[in-house]
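Just so you know, these numbers come straight off a predicted model, no measurement behind them.
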Amino acid sequence: MNKIVVEGLKYKYPLSETLALDNISFSVKEGEFIGIIGRNSAGKSTLCQAIVGLVPHFYKGAYGGKVLVDGLEVKTHSIADISLKAGMVFQNPFTQVTGSKMTVYEEIAFGLENIGVPRTEMINRIDEVLHLFKIEHVKDHNPFDLSGGQMQRMAIASIIAMKPEIILLDEPTSQLDPGGSEEVFQAVQSLKNQGITILMAEHKMEKVAQYCDKVLLLESGKVVDYDTPEVVFSRNDLDVFGVTAPVYTKVCQALGVKKKGADTYPVTLKEAEAALKEMRR
Ligand SMILES: Nc1ncnc2c1ncn2[C@@H]1O[C@H](COP(=O)(O)OP(=O)(O)OP(=O)(O)O)[C@@H](O)[C@H]1O
Ligand SMILES: [Mg+2]
């Protein structure tokens, strides 16, 4: 079943001369994990905002085409309606923090209070996400005293506590070190295992290759490709779109080593290892 359907979506920010989104069409099935990639200004963040309704309800501007989120048409439903289905974590966690709460615990409780979750249910949900995102030990700290990684995990935890069926993450690991990034990806993977549909704008291609079911490659607001990581990262024109394939793919491309029985190159360490062992036989 399709959880998100985008049809011929066009969007121009007010006062802008060019389309930020130019005739975008794609769909996402329930439980899929989609990586959105492309150079700076390709339209990744704008597309995420068009799915949660900030475009066009908050940013205004010229809008055409259609976005359906779990059957709701974004253009004709309020941000509040859509937010019950789809939650978004922004590029910079600082912009997401309320600034009015003294502890991480209260910060996560804030969104739940807003949507009227009963108290016992609220406590259960907060404990669950504190555990899932490994921030139990800082639950009494001030949100602004957290490290970048902890703050990002708190921002994701606050959204997940609301139990959206769809979550959009805009470069959630851009401020994190490799360990922090891996923790975020593993936490996101566990959301996928619970059946949550995930869209993530991301620049770390090794991680996209390892975790995502499909990759949406954008350039100047247009869809260049929408396929499995193997197919997208095996393209030999990625440079043109400001994207660098995972290092494992590049090594295998240089050696001419494809996946066994396929016309694509390995995209993860595991796949590269298998293909290289096969070659040595
Ligand atoms: N609030 C805004 N007002 C006007 N134009 C905007 C606004 N936000 C983004 N844009 C423009 O829309 C286009 C798409 O930007 P967007 O931020 O969606 O790209 P992105 O792929 O997320 O880039 P990055 O990798 O840098 O985050 C760019 O040309 C950008 O300059
Ligand atoms: Mg962006």
Side-chain angles (χ1 to χ4, degrees), residues 3-4 28 30-36 44-45 47-55 57-58 69-70 72 74 77-101 103-117 121-136 138-139 143-144 146 148-176 180-181 183-202 211:
K3 207 66 179 165
I4 298 172
V28 181
E30 185 165 9
E32 278 187 321
F33 183 173
I34 308 300
I36 306 174
K44 303 179 295 294
S45 298
L47 177 59
C48 292
Q49 281 159 351
I51 293 169
V52 295
L54 288 170
V55 165
H57 298 297
F58 178 76
V69 174
D70 204 19
L72 290 188
V74 167
H77 285 80
S78 67
I79 293 178
D81 283 347
I82 299 155
S83 71
L84 295 175
K85 307 250 177 209
M88 176 156 170
V89 179
F90 293 88
Q91 202 156 354
N92 179 352
F94 283 95
T95 59
Q96 188 123 9
V97 176
T98 58
S100 64
K101 299 295 167 194
T103 68
V104 168
Y105 196 95
E106 290 170 23
E107 180 71 30
I108 298 174
F110 178 75
L112 298 176
E113 282 164 355
N114 273 348
I115 58 169
V117 174
E121 165 79 10
M122 193 158 88
I123 292 168
N124 287 342
R125 287 201 202 178
I126 297 172
D127 286 344
E128 194 185 326
V129 295
L130 286 170
H131 177 72
L132 180 64
F133 291 95
K134 300 195 174 83
I135 46 174
E136 287 142 316
V138 293
K139 71 179 163 60
F144 291 103
L146 302 182
Q150 289 169 336
M151 196 183 269
Q152 188 57 285
R153 300 212 297 282
M154 178 191 71
I156 304 174
S158 312
I159 299 297
I160 291 305
M162 320 256 270
K163 295 208 183 288
E165 294 166 44
I166 300 163
I167 178 159
L168 293 104
L169 300 132
D170 193 359
E171 296 186 39
T173 70
S174 60
Q175 332 246 347
L176 308 189
S181 301
E183 275 178 17
V184 167
F185 271 93
Q186 283 181 9
V188 173
Q189 176 70 33
S190 71
L191 302 177
K192 176 181 159 64
N193 295 343
Q194 296 171 28
I196 296 177
T197 306
I198 301 154
L199 279 84
M200 184 193 284
E202 181 58 66
Y211 288 96

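In this structure, CG on Leu191 lies 10.0 Å from NZ on Lys163, to the nearest 0.5 angstrom. Within the model, atoms CD of Glu113 and CD of Glu106 stand 8.5 Å from one another, a figure rounded to the nearest 0.5 Å. Taking CD1 of Ile79 as the start and CG of Leu54 as the end, the distance is 4.5 Å to the nearest 0.5 Å. Taking CG of Leu84 as the reference point, atom CG of Asp70 lies at 11.0 Å (rounded to 0.5 Å). Within the model, atoms CE of Met151 and CG of Leu176 stand 11.5 Å from one another, a figure rounded to the nearest 0.5 Å. Interatomic distance, Ile167 CD1 to Met200 CE, rounded to the nearest 0.5 Å: 8.5 Å.
Closest approach of Gly53 and Ile82 over heavy atoms only: CA-CD1, 4.2 Å. Across all their heavy atoms, Gly87 and Val52 have their closest contact at C-CG1, 4.5 Å. Heavy atoms only, all atoms of each residue included: Gly195 and Glu30 are closest at O-CG, 4.3 Å. For the residue pair Leu132 and Ser190, the shortest heavy atom distance occurs at CD1-OG, 3.1 Å.
Between the side chains of Thr173 and Glu202, at least one donor N or O sits under 3.5 Å from an acceptor N or O.
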Review point. Given Leu168 and Asp170, is the side chain to side chain contact (heavy atoms under 4.5 Å, CB included) satisfied, shown in steps?
Key: CA-CA 7 Å; Leu168 293 104; Asp170 193 359; over 6 Å; no

Practice item. List the steps and the verdict of side chain to side chain contact (heavy atoms under 4.5 Å, CB included) for Leu199 and Leu47. Key: CA-CA 10 Å; Leu199 279 84; Leu47 177 59; 5.8 Å; no

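Within 6.0 Å of the CZ atom in Phe144, the count of heavy atoms belonging to other residues, nucleotides or ligands exceeds 12. Applying the 6.0 Å contact sphere to NZ of Lys101 captures more than 12 heavy atoms from other residues, nucleotides or ligands.
At a threshold of 4.5 Å between non-hydrogen side-chain atoms, the residues Glu32 and Lys3 do not count as touching. In this structure, the side chains of Lys192 and Gln189 come closer than 4.5 Å at one or more pairs of heavy atoms. No side-chain heavy atom of Leu146 sits less than 4.5 Å from a side-chain heavy atom of Ile135. When side chains are defined from C-beta on, Glu165 does not count as touching Thr197, because their heavy atoms never get closer than 4.5 Å. Side-chain atoms of Phe133 and Gln150, non-hydrogen and from C-beta on, never get closer than 4.5 Å to each other. Side-chain contact check for Pro164 versus Ile159: some heavy-atom pair is nearer than 4.5 Å. Using a 4.5 Å cut-off on side-chain heavy atoms (C-beta onward), Gln152 and Ile156 make contact. The closest side-chain heavy-atom distance from Leu130 to Val104 is below 4.5 Å.
No option in Asp127, Ile108, Val117 other than Val117 meets the side chain to side chain contact (heavy atoms under 4.5 Å, CB included) test with Met122.
With salt bridges taken as basic N to acidic carboxylate O contacts below 4.0 Å, none links Glu183 and Lys134.
In this structure His77 satisfies the side-chain hydrogen bond (donor to acceptor under 3.5 Å, both in side chains) test with no other residue, sequence neighbours excluded. Evaluation of the ring-ring contact (aromatic ring centres under 6.0 Å, His included) rule for Phe33 yields no partner, not counting sequence neighbours.
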